[in-house]
Amino acid sequence: MLSVQLVRRLFSMAGRVCLSRSSAGLGTAGPVEAAIRTKLEQALNPEVLELRNESGGHAVPQGSETHFRVAVVSSRFEGLSPLQRHRLVHAALSEELAGPVHALAIQARTPAQWKENPQLDTSPPCLGGSKKTRGTP
């Protein structure tokens with residue numbers, strides 16, 4: 001029979017969700033995506049980390065790593081405003097945001113907030129670099 005401590009430990013480990021969805025849908029992470037994942041794990045010790053490379057939906061070359069969406073669920077966000085949470089994420093990814101990453105959509109939630117709505121938002125379609133308004137063909 002499993003001890004209560006062992007069961008709690010197993011549930012704790014199972015609670016850590018790390019998903020990777022590449023823009024090509026192949027499930028392979030490129031070097032920028034891998035760096036983002038590693039840095040966020042080290043800086044925030046997230047309970048949930050979902051990272052999506054959305055570069056394929058933008059006017060960039062195939063295989064690019066320029067547009068990302070991330071959901072980070074961490075107890076480090078307790079008592080912090082959304083702005084303060086985003087600043088923690090930006091601080092962890094300062095090198096990537098200064099270089100290869102053009103856009104980063106962030107969902108930074110506490111574990112309680114994630115339990116209320118446990119899903120990664122979706123981004124609107126890209127308008128393309130030359131389209132200034134939504135009505136442009």
Side-chain angles (χ1 to χ4, degrees):
M1 188 153 190
L2 294 175
S3 72
V4 173
Q5 289 178 338
L6 181 57
V7 171
R8 285 184 184 151
R9 199 170 184 198
L10 289 171
F11 274 106
S12 173
M13 291 176 4
R16 285 190 172 267
V17 178
C18 294
L19 301 175
S20 176
R21 300 176 186 143
S22 71
S23 60
L26 302 174
T28 57
V32 176
E33 184 174 342
I36 290 171
R37 180 175 306 287
T38 298
K39 289 180 179 184
L40 290 175
E41 287 173 347
Q42 290 173 349
L44 300 171
N45 192 27
E47 292 182 21
V48 176
L49 175 58
E50 291 192 31
L51 181 59
R52 184 178 299 151
N53 181 350
E54 296 182 332
S55 303
H58 297 273
V60 295
Q62 187 173 4
S64 292
E65 293 185 277
T66 56
H67 297 71
F68 289 91
R69 175 169 289 279
V70 64
V72 183
V73 179
S74 176
S75 58
R76 296 255 338 257
F77 296 145
E78 297 286 347
L80 298 180
S81 70
L83 178 60
Q84 291 169 319
R85 296 172 189 190
H86 281 229
R87 285 180 175 161
L88 286 176
V89 172
H90 278 250
L93 303 177
S94 61
E95 185 178 344
E96 288 72 23
L97 292 170
V101 176
H102 170 75
L104 178 66
I106 302 169
Q107 290 173 241
R109 298 183 184 162
T110 65
Q113 290 171 324
W114 185 254
K115 284 179 185 174
E116 291 175 14
N117 182 12
Q119 64 185 44
L120 187 60
D121 292 340
T122 57
S123 296
C126 177
L127 294 176
S130 64
K131 298 177 182 168
K132 302 296 181 200
T133 64
R134 292 197 180 270
T136 304

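Only a predicted model underlies this, so the values are computations on that prediction, with no experimental measurement involved. The first residue in the sequence is number 1, and the count goes up from there.
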Quick one: closest heavy-atom pair of [X] and [Y], and the distance?
| X | Y | answer |
| --- | --- | --- |
| R52 | T122 | NH1-CG2, 4.4 Å |
| E78 | P111 | OE2-CD, 3.6 Å |
| Q107 | L120 | OE1-CD1, 3.3 Å |
| E41 | P46 | CA-CD, 3.6 Å |
| W114 | E50 | CZ2-OE2, 3.5 Å |
| A108 | Q113 | O-OE1, 4.4 Å |

**Message:** Checking R69 now: which residues fulfil salt bridge (Lys or Arg N to Asp or Glu O under 4.0 Å) with it, not counting sequence neighbours?
**Reply:** E54
**Request:** Determine, step by step, whether L49 and R37 satisfy the side chain to side chain contact (heavy atoms under 4.5 Å, CB included) criterion, reporting the C-alpha distance in whole Å, the side-chain angles of both residues, the deciding distance to 0.1 Å, and the verdict.
**Result:** CA-CA 8 Å; L49 175 58; R37 180 175 306 287; 3.9 Å; yes
Enter the distance from [X]:[atom1] to [Y]:[atom2] here, rounded to the nearest 0.5 Å.
| X | Y | atom1 | atom2 | answer |
| --- | --- | --- | --- | --- |
| E95 | I36 | CD | CD1 | 11.0 Å |
| R85 | S74 | CZ | OG | 9.5 Å |
| S64 | H102 | OG | NE2 | 11.5 Å |
| R87 | S81 | CZ | OG | 7.5 Å |

[Y] side chain reached by [X] side chain, heavy atoms, under 4.5 Å:
| X | Y | value |
| --- | --- | --- |
| F68 | I106 | no |
| V32 | V101 | yes |
| P31 | E65 | yes |
| L88 | R76 | yes |

**Prompt:** Quick one: ring pair (Phe, Tyr, Trp, His ring centres under 6.0 Å) partners of H90, sequence neighbours excluded?
**Reply:** none
**Prompt:** Any salt bridge between K39 and E96, counting N to O under 4.0 Å?
**Reply:** yes
**Item:** Partner residues of S94 under the side chain to side chain donor-acceptor pair (under 3.5 Å) criterion, sequence neighbours left out
**Value:** none
**Request:** Starting from the C-alpha separation in whole Å, work towards a yes-or-no answer on side chain to side chain contact (heavy atoms under 4.5 Å, CB included) for L40 and L51.
**Result:** CA-CA 10 Å; L40 290 175; L51 181 59; 5.6 Å; no
**Message:** Evaluate L104 against V70 for side chain to side chain contact (heavy atoms under 4.5 Å, CB included), listing each step before the verdict.
**Reply:** CA-CA 7 Å; L104 178 66; V70 64; 4.0 Å; yes
